[in-house]
There are 2 protein chains.
Amino acid sequence: MRDTAGVDPVPEPPPDTSRAPGGETRCRDCALRPLKLFHEPTGDELALVQSLKRRERRLGPGEALIHEGQTDAPLYTMLQGWAFRYKTLSDGRRQILSFLMAGDFIGVQQKMGDAAAHGVETLTEALFCVFQRDALWELHRRSPMMGFNVTWLTAHEESMVDDTLLSVGRRSAEERIASMLILLFKRAAALQPDAGAGGVDFPLTQQHIADGLGLSLVHTNKTLRKLQRRGLHRIADGRLYLRDVKAMARLADLYGDGRPPGRPLV
Amino acid sequence: MRDTAGVDPVPEPPPDTSRAPGGETRCRDCALRPLKLFHEPTGDELALVQSLKRRERRLGPGEALIHEGQTDAPLYTMLQGWAFRYKTLSDGRRQILSFLMAGDFIGVQQKMGDAAAHGVETLTEALFCVFQRDALWELHRRSPMMGFNVTWLTAHEESMVDDTLLSVGRRSAEERIASMLILLFKRAAALQPDAGAGGVDFPLTQQHIADGLGLSLVHTNKTLRKLQRRGLHRIADGRLYLRDVKAMARLADLYGDGRPPGRPLV
DNA sequence: CGACGTGTTGATCTCTCTCAATTAGAGTGG
DNA sequence: CCACTCTAATTGAGAGAGATCAACACGTCG
């Protein structure tokens, strides 16, 4: 605690390489709208969001959107691609907190002017919507309905972290992997209309899976292999195929849509 | 939805602040107020909260406030005591997601009418404020400022789960315990004006610590013992004393207020 | 007084980690 | 076209942190 307070650990904010001069989409044409992630916004609400939008930012795969400890990160919304939130220990050990996909909010956590408690990095080429710093407050103030939605989304994001915590804390390696694959498959499938049959896009490396589940890379590989050999799933060419969802769900102790089992919980 | 975007929300007629049936405290006298957990609410805001408050609920130690999978849980606020949120697997393995203390919200996660994704149980005798189901929406609608605060609190709660996930996923048993003790100490101390010197109340059993950190009871005991013998802390008679915060923080890889270290994070 | 919950400790056991080495594909430069 | 480099996936072997099993101590309580 000696030398941390005074020194600014924050790396320079990455230069904005991504201002899309002409081609930015307007909120009314946003790719997110057809997905029905939230209630259908009114015209006024769309206009409001549009007015708070500053610009877009496009990143290639493996780039940093927010550095851990960065102090001036704005509020983002994810429009396309995959990313993840993570934290690291000083010796480099990394834990991925959650994966982000189209429609997710980024940066609600940090109080304005505060340091980001986690980093965000892309997995694929990705497109983000950038909002001004006080957008969150403006949104609440001028549209309580949208503010309410943000609260709900934030709570939902937390419940996903809760699920991961349950996995990492109490599930075996096999169970963790089964559970993650199912959950990611569902999310990805929900965003990709033609999903299901032919699998879904799956840009994670085994290292990402390991870091998301608190496992070592080697053990992740061996476990993944085992499940695949057992015919539960298949990962190839950046796609994930679930071949035996039933068995996978049984292994993960996941029921229905992820709720606890209908058993004597009391 | 009439008065959403572009228009400031319409203030409701002044709610009835006088209702405070048998012995219940009114919001204006709430024990939480002196703690400055959020911005100082105006008189109108207090009245609003008061109008949404349904009643209070008092539980003894070890009682369930919300059962896992319960479908009709209302929204709560914690006034006194300790509690925790948890999830279990069907074979009984339990993971404690977070500990709750005065000022914490409970139940924001579940959409109205939805099943609770986690259970909540008390550690001590505890007092809760019970709100009607749609309180969350009413709060947003009638006081954007308080709605904004709820979003912020929800995000903050998530960041605490993030921290735990980092611990459980990537820290050793010693490091996890050190990190938990420091974090709980700080929270408890913040609520207890006379804190610091003589330690703080600490109602967790070793089983709770284990379930919160994804460890077994036995290993938790041994690790706790080791740290205590090393003079880092002491737990006795339901109180926690930190005897060497420096060493404890170093062990936990916690810096300052929990931010990542000022090291080459990139 | 016996039942129970909580804390302790010793003795195995095993799941997962770490270390090492190999293969395969993509990219790069000569 | 080929050597060279890098990243990601694999596999084997040995080591270890933490789990499981078993006992026991102590205080509370009906």
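Below, chain A is the first sequence line, B the second, and so on; all start at residue 1. Atom set for the values below is all heavy atoms of this structure, side chains included, hydrogens, waters and symmetry mates excluded.
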Have a look at [X] and say if it touches a base, only the backbone sugar-phosphate, or nothing, with a 4.0 Å heavy-atom cut-off.
| X | value |
| --- | --- |
| B:L215 | sugar-phosphate |
| A:G62 | nothing |
| A:G238 | nothing |
| B:S172 | sugar-phosphate |
| A:S216 | base |

Task: Side-chain heavy-atom pair B:F202, B:L181 within 4.5 angstrom cut-off - done: yes
Write down the distance between [atom1] ([X]) and [atom2] ([N]), rounded to a whole number of angstrom.
| X | N | atom1 | atom2 | answer |
| --- | --- | --- | --- | --- |
| B:L217 | D:dA17 | CG | P | 20 Å |
| A:R176 | C:dC17 | CZ | P | 7 Å |
| A:Q206 | D:dT11 | CD | P | 10 Å |

- [ ] State plainly whether the residues A:E157 and A:R85 are in salt-bridge range, i.e. N to O under 4.0 Å.
- [x] yes
Open item on the list: From C-beta outward on B:N221, which listed nucleotide comes closest to its side chain: C:dC17, C:dG7, D:dT11?
Closed with: C:dG7
Open item on the list: Side chain of A:R225 only, heavy atoms from C-beta on: which candidate in C:dT16, C:dG7, D:dT11 is closest?
Closed with: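 Among C:dT16, C:dG7, D:dT11, the one nearest the side chain of A:R225 is D:dT11.
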TODO: State which residues pass salt bridge (Lys or Arg N to Asp or Glu O under 4.0 Å) with A:R230; sequence neighbours excluded, sorted by chain then number.
DONE: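 If we apply the salt bridge (Lys or Arg N to Asp or Glu O under 4.0 Å) test to A:R230, skipping adjacent residues, the hits are A:E174.
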Open item on the list: Using C1' atoms of five pairs at each end, report the bend of the helix from C:dC1-D:dG30 to C:dG30-D:dC1 rounded to 10 degrees.
Closed with: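 So the angle between the two local helix axes works out to 30°.
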